[in-house]
There are 2 protein chains.
Amino acid sequence: MKKVDLREKFSQFNEHWQPKIVGELNGQYVKLAKLKGEFIWHQHADEDELFMVVRGRLTIRLRAEDILLEEGEFFIIPRGVEHLPVAEEEVEVLLFEPKTVVNTGDQRNERTLDHVERI
Amino acid sequence: MKKVDLREKFSQFNEHWQPKIVGELNGQYVKLAKLKGEFIWHQHADEDELFMVVRGRLTIRLRAEDILLEEGEFFIIPRGVEHLPVAEEEVEVLLFEPKTVVNTGDQRNERTLDHVERI
C-alpha cells in the first residue's frame with residue numbers, strides 16, 4: 001500500500017505508446033503513458049476507456065468528431081467506438097480501463113503490446 | 001460523449017463531503033469531491049477506492065499509518081481496510097470506485113449519502 005506520485009512515475013520512462021501500470025483496483029488498471037504522433041484507428045468491443053491529460057494536449061479522433069483534451073480534462077471512449085489518439089507534441093496521459101484491455105483493441109500489428117510493464 | 005474539464009466541474013459546487021458523479025465506465029464511477037475537516041472511520045467490504053488529489057493536500061489515516069497525498073498523487077485503499085480522510089484545508093479530489101460504493105462504507109449515519117448527484 002503505497003501512494004503514487006504521477007510526476008515521479010512519468011520520470012521513469014520516455015518511450016511513446018507504451019502504457020505502464022501504476023495501480024490496480026476492482027479489475028481495472030490505472031496506467032500512465034506518453035504519446036506523440038498518431039496511433040491507429042481501433043476500438044475495444046467490451047471495454048470503456050478513460051483518457052485524462054496530465055500534461056500537454058491530446059486529440060482523440062472519433063469517426064464523427066475530434067475531441068481536444070487539454071491538461072486537467074478527461075474523456076471516456078465507450079466500448080465499440082472507433083478512436084485514434086493523436087498528439088502533435090508529447091502528451092502525458094492517465095488511463096483507467098479494465099485489466100483485459102489490449103492497447104490496439106480489435107487491431108493486431110507491430111504496435112500491439114503483449115506485455116504491459118508495471119512501474 | 002463529452003469531455004470533462006475538472007476545473008469547470010469543481011466550480012459547480014462548494015459543499016464538502018458530497019462527491020459528484022462526473023463519469024461512468026465499466027461499472028465504475030469517476031467522482032469529484034471537496035473535502036475539509038475530518039470524515040469518519042469506515043471501510044468498504046467489497047470495493048477498492050482510489051483517491052487522487054487535484055488541488056490541496058489530503059491525509060488518509062489508516063490504522064497502521066497515515067498517507068499524506070499532495071497534488072498529483074493518488075492512493076488506492078484496498079477493500080476491507082479502515083480509513084479516515086482528513087483535510088486541514090479544503091482539498092479537491094478525484095475518486096474512482098465501483099458504482100456500488102456508499103460514502104460511509106460499513107457505517108451509516110447523518111453523513112451517509114443515499115443519493116449522489118451527477119454534474
Side-chain angles (χ1 to χ4, degrees), chain A residues 1-11 21-32 44 46-55 57-83 92 94-101, chain B residues 1-11 21-32 44 46-55 57-83 92 94-101:
Chain A
M1 294 205 293
K2 275 191 171 177
K3 71 177 179 179
V4 172
D5 176 343
L6 299 184
R7 293 259 62 77
E8 189 273 325
K9 291 294 185 188
F10 277 119
S11 75
I21 298 166
V22 295
E24 177 178 345
L25 70 166
N26 307 302
Q28 321 286 309
Y29 280 143
V30 183
K31 297 176 185 171
L32 300 181
H44 308 277
D46 301 311
E47 297 119 340
D48 312 316
E49 197 173 30
L50 181 150
F51 282 74
M52 182 181 298
V53 171
V54 178
R55 188 181 59 81
R57 306 173 86 193
L58 175 69
T59 300
I60 298 179
R61 296 190 61 196
L62 308 177
R63 292 299 186 187
E65 59 179 324
D66 287 355
I67 308 289
L68 172 61
L69 295 182
E70 312 253 11
E71 214 169 288
E73 295 183 337
F74 74 78
F75 183 69
I76 294 169
I77 300 156
R79 58 195 67 192
V81 172
E82 280 191 290
H83 55 282
E92 294 178 347
L94 179 148
L95 309 171
F96 278 138
E97 55 192 25
K99 293 170 68 172
T100 48
V101 162
Chain B
M1 293 205 292
K2 276 192 171 175
K3 70 175 178 181
V4 172
D5 176 344
L6 299 185
R7 291 260 61 81
E8 188 273 323
K9 291 294 186 188
F10 276 118
S11 76
I21 298 166
V22 295
E24 177 178 345
L25 71 165
N26 307 302
Q28 320 286 311
Y29 280 143
V30 183
K31 298 176 184 171
L32 300 181
H44 307 278
D46 301 312
E47 299 118 338
D48 312 316
E49 197 173 29
L50 181 149
F51 282 75
M52 182 182 297
V53 170
V54 177
R55 187 180 60 81
R57 307 173 86 194
L58 175 69
T59 300
I60 298 179
R61 297 190 61 194
L62 308 176
R63 292 299 186 185
E65 60 179 323
D66 287 357
I67 307 290
L68 173 62
L69 296 181
E70 311 253 11
E71 212 168 291
E73 296 183 336
F74 74 77
F75 183 69
I76 294 169
I77 300 156
R79 58 194 67 193
V81 172
E82 280 189 292
H83 55 282
E92 293 179 348
L94 179 149
L95 308 172
F96 187 54
E97 56 191 24
K99 292 170 67 173
T100 47
V101 162

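Computation of the quantities below employed the complete heavy-atom set of this structure, encompassing side-chain atoms and omitting hydrogens, waters and symmetry-equivalent molecules. Computed from a predicted structure; not experimentally measured.
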Distance from [X] atom [atom1] to [Y] atom [atom2], nearest 0.5 Å?
X: B:Leu6; Y: A:Glu71; atom1: CG; atom2: CD; value: 10.5 Å
X: B:Phe74; Y: A:Leu25; atom1: CZ; atom2: CG; value: 8.5 Å
X: A:His83; Y: B:Met1; atom1: NE2; atom2: CE; value: 11.0 Å

Counterpart residues, ring-ring contact (aromatic ring centres under 6.0 Å, His included), relative to B:Phe96 (two or more places apart): A:Phe96
Heavy-atom pairs under 4.5 Å with chain A, option from B:Leu50, B:Val81, B:Ile77, B:Val53 with the top count: B:Leu50
Residue selection (most heavy-atom pairs with chain B, distance under 4.5 Å) from A:Glu24, A:Glu47, A:Gln28: A:Gln28
Side-chain touch B:Asn26/A:Arg79, heavy atoms, less than 4.5 angstrom: yes
Under 4.5 Å from a heavy atom of chain B, the part of A:Lys9 involved: neither
Using distance only, find each side-chain donor-acceptor pair of residues 59-68 of chain B under 3.5 Å and give its atom names and separation, not counting sequence neighbours.
from, atom 1, to, atom 2, distance (Å)
B:Arg63, NE, B:Glu82, OE1, 3.0
B:Arg63, NH2, B:Glu82, OE2, 3.3

